[in-house]
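Heads up: the structure comes next, in structure tokens.
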Amino acid sequence: MHDAYEKTSVLNISVQIESMAAYDDNLLIGTREGHLLMYNVPSVTDESHKLEILRHSKNFNKKRITQIDVVPEYNLLIILTDNIVCIHDLNSPNFQQISQLPKTRGATIFCLNVQSIQNLLGEKATDVYLCVAVKRKLQLYTWKGKKFEEFNDFELTIPDIPRDLSWCGDSLILGFRGLSYTILDLNGKPKELFPTGKSPEPSITKLSDASFLLGKDSQSFIMDTKGELIQHNSVKWSDTPSAIAWDDPYLLGIVHDRLEVYTIEDCVHIQTIKDMNKARLICRCKQGKFFVASISHIWSVRAVDVTFKIRTLLEQKQFQLVLKLTSLSDITEEEKIKQTYKIQTLYAHHLFANKRFQEAMDLFLKLGTDPYEVITLFPDLVTPSSNSSKLNEPTPSLPALQDRDLENGLRALIVFLTNVRDKLVSDTKSKEKDNSKEKAVVDGEKNMTTVAIEQLLKIIDTTLLKCYLQTTDALVAPLLRLNHCHLAEAEKTLLMHQKYPELIILYETKGQHRKALELLEKHAKENDPSLRGTERTIQYLQHLGKDHMDLILKFAGWVLNEDPEQGLRIFMEDIQAVEQLPRPKVLDYLLRCHKDLVITYTEHVVHIWEDTNPLYHNALIHQYKEKYLAAMSDNATPAEKEAAQHIRQKLQQFLEKSAHYTPETILLQFPFDNLFEERAIILGRLGRHQQAISIYINVLNDIPKAIDYCHNVYTKYQNQENADKQKPSDGIEEVYMILIQQLLKPDTGCNPEIQRTAQPDLEMALKLLEKHAAKINPLKALEVLPDTVPIGRIKHFLEVSLQEKLNTRRRIQVLKGLLYAEHLQVQEQRMHYESQSVLMTEFNICPVCKKRFMNESAFARYPNGDIVHYSCQDRKG
């Protein structure tokens, strides 16, 4: 309850008041005797300031003036008297009549609809529509030029004579005595609403172009133009009001000798103004100013000063009403914005104090309130170091939140902070995109620099972390992965709640990798399943990247000791960060600290990643060799010896297939008394075929392998010769000859430490001569064959060799003939082109630029004989 209005008695007259209307500072009164009076309304009225009469027309009409209305824009006075509507000039001394509407004879009530519109040129105009109820018919007129004209011959029959009539937008609201209310649109489609109740007279009060008030006994219902209730609460008067007026945000109604004031929103009773004897009419002059009349007395009802009302309403915590009054006040727009912001902030705190947390947070978000100010509503969440400049500011009394209330409050705060955070991040990205120095980030806040934004994000994320820990644990990890949390405060909070997996995420996002890895190592043997074992450490190290190589090597040690097979994934996983690690450093580390894992790592580098660096190929060969020799020691078990054979097989295959190791280096590391076959492969790679074959024949005594060796070398020689036409390494084409020499005269080659075990094998040498006759030089073969070999034994060899030589000779002759023929063709073509000539004189003209050829001009000739300047050749079509 508060005093919204105050009354002042302003007029006592001897005639009987029948109707009245007001506009600007003027009051018009129509009497039962047919008098028409016009008064000026002073801006301040009290007992000593009575109304000043401007005009008094005693002979205006002999009949009572039933209804008055005015259209100030066109100086029109519209009067219903003697059951006919008349139009008068509002400015003439005696209210001179302009016209009558003859078709309105028998009228009982009329209503106006005045609409201000703006055309395409920006000019303002006013449309005036008049609806007149003539018995059981409605007539519609519109003002055009200087008279009212019927609107599209509109005339509608209705079920009874309306006792109340009002425009609302493009619809007409009708009230019938003892019956019901009806809505009509301009197409004449009626919609019946509800009965008028026990009250003898209906009551219609227009609120806006889209809403109106309908009375039913002692209640008033708020409706829209579709005939639906806008709000379920109704205004409940103390008794049936005789007249109602609307003064946003108040509704005033005359009930007996009292004027009752209510608000539309929440339908709260505000004030009762008493001692208004026999009041029956109420008329609104302008916002905050009314006239109430009895038969012979008039009271002025004015709104109490807005400042006083706002102060009172704030004490009563009627914030919505205060906001409405502020929006309607006469203060400047800038001051209105400031006042509204202040009131809404107080209202948000009030909502919070009443534990309406979500409504409070929605309002804080709408206002753009400083997030830190909202966070301080939860004292347990405040970080002293986060914004020390605001700690000493006074804060409203806060409710003690516990259990369910605390959870609801925190959830509402989470929604608020999340929205603010999203806006901050979005505006930051937009700011970076626009390259602007300053940008408003939160409504209601000053422009914020990037540093200020970062500081605010730090406060918000730290608070969100605390909220999630008390409400929704599952959201902690996602927040920390993209966080701006204050490291020390977040670390302290997570440790307090023993959230070690989340703490590791915090360390990772803040670049505190050493702390994270130390924590993982510490909890690897704890009961927490998410941290137990080596898997989390492996994953963490895999994503650190080459910039943290020292850290990776430091903490990889305990993992490799604990689980070598899985730990090696730190250096071998198919992840980009792992593949980009410096492999020489990894190899060196493994060689020094975990030698047993070198083979697995280098195999992955060579075979999976296909690295061609000789370092890894050489290392793999060396490790194969070392592991084989170690496994073949005297104290090795049968199982170890069996595994050693598998290693040796891998070594041989790798020596044969790999093209990226350095055989010179590898050969120096191989022993002379072991691994002879592998040594032969390396010697072959170096092109030292005589030594390689000597090992197969003299040491291994394995002629089939020697033959296979020769076959592989010669096949490679032929492929190379056919592919690039380059002469291969010396001795490759004579590899079979070297084999025959070794069979006939075994030696140790260049390896004096190799013990000679093989004997001359003439039969095998002769078989090879017959089988590979085309691959062996016959002259050299005859030189090494013993003189005792019968000619018949080498007949086939000689035939094939001679035939091969003949074939080669014929091939060379044919090729020579083809080349000579090609030479003649080229000479003939040259002579043909040299026989053609071009005569250039000073009269030649370029067909492109139409200019003559000068002595120094460069020119070009086309195949068809056209001559153009060299610079014009690209432009010739």
Side-chain angles (χ1 to χ4, degrees), residues 1-10 20-28 41-45 68-70 72 111-112 114 164 166-168 173 203-215 219-223 230-231 233-238 241-255 258-274 276 279-293 298-310 312-313 316 318 320-331 336:
M1 295 282 291
H2 66 276
D3 291 337
Y5 295 91
E6 54 187 7
K7 70 165 185 174
T8 305
S9 178
V10 294
M20 64 179 179
Y23 70 97
D24 296 335
D25 291 327
N26 301 306
L27 173 66
L28 289 160
V41 184
S43 57
V44 178
T45 58
I68 305 175
D69 213 336
V70 294
C111 65
L112 284 173
V114 182
D164 204 351
S166 178
W167 280 97
C168 189
I173 318 300
S203 172
I204 303 173
T205 307
K206 179 181 177 180
L207 303 178
S208 67
D209 286 339
S211 61
F212 53 90
L213 196 74
L214 299 182
Q219 297 185 69
S220 295
F221 299 90
I222 305 168
M223 313 285 290
I230 292 178
Q231 64 183 45
N233 291 342
S234 63
V235 180
K236 295 180 174 62
W237 310 90
S238 61
S242 58
I244 299 175
W246 166 242
D247 184 39
D248 194 14
Y250 298 106
L251 197 64
L252 295 83
I254 300 174
V255 182
R258 303 183 304 275
L259 184 65
E260 296 183 358
V261 182
Y262 286 80
T263 59
I264 287 291
E265 188 173 350
D266 298 331
C267 301
V268 178
H269 178 235
I270 298 299
Q271 183 185 10
T272 298
I273 302 175
K274 300 180 181 179
M276 304 182 79
R280 51 188 290 270
L281 299 175
I282 185 168
C283 173
R284 183 178 183 271
C285 180
K286 58 184 178 181
Q287 180 70 37
K289 190 172 183 180
F290 284 83
F291 291 101
V292 178
I298 293 179
W299 293 271
S300 172
V301 179
R302 293 175 180 267
V304 174
D305 180 64
V306 173
T307 305
F308 175 78
K309 274 196 294 189
I310 288 176
T312 304
L313 288 169
Q316 298 176 2
Q318 298 289 330
Q320 295 287 27
L321 192 54
V322 173
L323 288 171
K324 190 69 175 180
L325 291 172
T326 303
S327 68
L328 297 171
S329 62
D330 296 331
I331 59 177
K336 193 177 292 186

For a 4.5 angstrom cut-off between non-hydrogen side-chain atoms, does [X] reach [Y]?
| X | Y | result |
| --- | --- | --- |
| V41 | F291 | yes |
| W237 | S220 | yes |
| E260 | S238 | yes |
| W246 | L213 | no |
| I270 | Y262 | no |
| M276 | K7 | yes |
| Y5 | Q271 | yes |

Does Q231 use its side chain to pair, donor to acceptor, with the backbone of I264 at less than 3.5 Å?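 Judged by distance alone, yes, a pair lies under 3.5 Å.
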
Can any side-chain N or O of T263 pair as donor or acceptor with the backbone N or O of V268 at less than 3.5 Å?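 Looks like yes, one N/O pair under 3.5 Å.
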
Shortest non-hydrogen contact from [X] to [Y]?
| X | Y | answer |
| --- | --- | --- |
| A243 | I282 | CB-CG2, 3.7 Å |
| A279 | S242 | O-OG, 4.2 Å |
| A22 | C283 | N-SG, 3.4 Å |

Between the CZ atom in R302 and the NZ atom in K289, the distance rounded to the nearest 0.5 Å is 4.0 Å

Spatial distance of atom OG1 (T205) from atom CZ (R284) [nearest 0.5 Å]: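 It comes to 12.5 Å.
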
Apply the side chain to side chain contact (heavy atoms under 4.5 Å, CB included) test between I273 and each candidate in L252, L259, D3; give the one that qualifies. L259

Side chain to side chain contact (heavy atoms under 4.5 Å, CB included) evaluation trace for I254 with V292: CA-CA 9 Å; I254 300 174; V292 178; 3.8 Å; yes

Determine whether Q287 and D247 satisfy the following criterion, side chain to side chain donor-acceptor pair (under 3.5 Å), listing intermediate values before the conclusion. CA-CA 6 Å; Q287 180 70 37; D247 184 39; 3.1 Å; yes

Just to verify, what does S166 make a side chain to side chain contact (heavy atoms under 4.5 Å, CB included) with, not counting sequence neighbours? I204, K206

Mind checking side-chain hydrogen bond (donor to acceptor under 3.5 Å, both in side chains) for D25 and listing every partner two or more places apart, or none if nothing turns up?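 If we apply the side-chain hydrogen bond (donor to acceptor under 3.5 Å, both in side chains) test to D25, skipping adjacent residues, the hits are K286.
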
Y23 vs L28, test: side chain to side chain contact (heavy atoms under 4.5 Å, CB included). Steps then yes/no. CA-CA 9 Å; Y23 70 97; L28 289 160; 4.2 Å; yes

Go through the steps to decide whether I244 and L251 satisfy the test side chain to side chain contact (heavy atoms under 4.5 Å, CB included), and finish with yes or no. CA-CA 7 Å; I244 299 175; L251 197 64; 3.8 Å; yes

What's the verdict on side chain to side chain contact (heavy atoms under 4.5 Å, CB included) for I298 and L281, showing C-alpha distance, side-chain angles and the deciding distance? CA-CA 9 Å; I298 293 179; L281 299 175; over 6 Å; no

Apply side chain to side chain donor-acceptor pair (under 3.5 Å) to W299 and T8, showing your working. CA-CA 5 Å; W299 293 271; T8 305; over 6 Å; no

